[in-house]
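Worksheet: the structure to be examined is printed underneath.
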There are 2 protein chains.
Amino acid sequence: MTASGHSPKRSAEKLADLTERLRRQSRKVTGPRQALLDLLRQQSHPLAIREIFAALPAGISDLATIYRSMHLLEQMRMVKRFDFGDGAARFELVPEGEDGHHHHLVCTRCSVVLEIEECFPEHVERSLAQTSGFQGITHRLEFFGLCPECQTTKSI
Amino acid sequence: MTASGHSPKRSAEKLADLTERLRRQSRKVTGPRQALLDLLRQQSHPLAIREIFAALPAGISDLATIYRSMHLLEQMRMVKRFDFGDGAARFELVPEGEDGHHHHLVCTRCSVVLEIEECFPEHVERSLAQTSGFQGITHRLEFFGLCPECQTTKSI
DNA sequence: ATCGCTGCAAAAATTTTGCAGGTAA
DNA sequence: TTACCTGCAAAATTTTTGCAGCGAT
């Protein structure tokens with residue numbers, strides 16, 4: 001498990017390497033995309049579209065552009081989508097060659113995020129596949145709780 | 001694991017018992033609520049608001065009323081909210097005295113749902129609590145894959 | 001010169017809220 | 001009678017789409 005938001009990214013890829021991945025797929029390296037990728041690579045936890053939009057200097061990009069970029073990057077497997085159960089998709093950069101599969105422990109009050117490296121249900125998917133006949137089984141798993149900080153803070 | 005949509009509800013509560021739970025909390029037993037509860041009790045998998053609205057006879061209820069009812073029922077612990085990662089909340093009736101905690105295996109093509117009774121990550125929550133200091137840890141876990149039926153069906 | 005990408009605007013989809021009237025208890 | 005509840009309308013969120021023009025290669 002790794003603290004997030006403060007700790008360095010597990011495998012910080014250089015911006016140039018990220019844009020190179022774009023070029024390799026005949027996608028264009030534009031201003032908005034560089035700003036977006038540079039923002040993501042400095043984060044070690046998933047960012048919501050809204051957070052990305054707010055973090056980017058005003059006028060650098062547009063909500064529609066960000067949505068379209070995230071769709072593209074997801075399709076290219078450069079980002080992974082996470083869902084914390086509020087109605088907002090979150091995205092995290094995926095190091096080249098990896099699949100980005102991991103889980104999170106999210107504070108239900110302040111939304112701080114810890115990354116969980118271990119993946120527990122993996123061995124279960126095989127038995128599920130056998131008993132159900134489903135193919136290509138994957139899963140989403142997120143943990144929620146009250147972080148130590150919020151335990152000592154008076155309720156709002 | 002139990003096939004859903006066709007199999008009988010694990011512990012089908014009578015409608016009268018459900019409305020009694022309402023009365024016990026000084027909530028009123030109205031037409032829309034009876035229709036809603038009667039619909040849910042005949043289902044063994046989570047229903048989206050939209051599905052509920054569509055299944056109810058026209059004029060029986062209103063989208064806003066359904067949303068408000070689901071909020072109330074969730075607060076009363078009579079239903080549990082599930083999230084399959086598309087942008088739509090789903091709700092399932094929770095038998096009295098239970099917490100409704102379980103997981104699903106969802107077909108990514110036809111959306112058929114199997115219920116998974118086992119809960120794997122439960123024993124992990126304790127160790128997570130120790131290493132992270134988080135309190136009251138819970139989790140969401142859903143499985144996805146291609147069901148046997150869809151494996152043999154030509155792609156659209 | 002292409003083809004892809006962007007910003008703006010409008011639309012869609014899901015969920016929330018205000019309000020005036022209606023109904024269960 | 002008195003809360004609580006409903007339907008309708010409007011608004012708030014999140015996400016998608018159309019389109020004309022701009023820009024990376």
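Note that the structure is predicted; figures quoted are calculated from it, not measured. Lettering follows sequence order; numbering is per chain, from 1.
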Worked check of side chain to side chain contact (heavy atoms under 4.5 Å, CB included) between Leu128(B) and Phe143(A): CA-CA 9 Å; Leu128(B) 263 185; Phe143(A) 294 89; 3.7 Å; yes
Integer-rounded Å distance: dC5(D) P and Gln34(B) CD: 13 Å
DNA chain C contacts among residues 76-91 of chain B, heavy-atom distance under 4.0 Å: Gly87(B), Ala88(B), Ala89(B)
Which atom of Gly100(B) lies closest to which atom of Phe82(B), heavy atoms considered: O-CZ, 3.8 Å
Length of the line joining Leu37(B):CG and dC5(D):P, which is rounded to integer Å: 12 Å
Separation of atom CD in Glu20(B) from atom C1' in dA25(C), rounded to whole Å: 13 Å
Distance in Å, Met78(B) CE paired with Gln25(B) CD, rounded so as to fall on 0.5 Å steps: 9.0 Å
Tyr67(B) side chain near dT16(C) phosphate (N/O to OP1/OP2, under 4.0 Å): no
Distance, rounded to the nearest Å, where Gln75(B) contributes CD and dC5(D) contributes P: 11 Å
Main-chain N/O of Gly133(B) paired with Gln151(A) side-chain donor or acceptor, under 3.5 Å: yes
Among Arg24(A), Arg41(A), Arg77(A), the one residue meeting salt bridge (Lys or Arg N to Asp or Glu O under 4.0 Å) with Glu96(A): Arg24(A)
Base versus backbone protein contacts along nucleotides 4-12 of chain C [heavy-atom cut-off under 4.0 Å; B, S, -]: SSSBBB---
Arg140(B) NZ/CZ over Phe144(A) ring centroid, <6.0 Å and within 45° of normal: yes
Whole-Å gap separating C1' (dT16(C)) and CD (Glu74(B)): 14 Å
Separation of atom CG in Leu22(B) from atom P in dC5(D), rounded to whole Å: 8 Å
Whole angstrom value for the distance that separates P of dT15(C) from CE of Met70(B): 11 Å
Arg21(A) bridged to Glu13(A) by N-O distance under 4.0 Å: yes
Approximate separation, where rounding is to 0.5 Å, of Leu15(A) CG and Gln42(A) CD: 9.5 Å
OP1 or OP2 of dT14(C) under 4.0 Å from side-chain N/O of Arg50(B): yes
His71(A) NE2 - dT14(D) C1' separation (whole Å): 11 Å
Pair His139(B) and His103(B), ring centroids less than 6.0 Å apart: yes
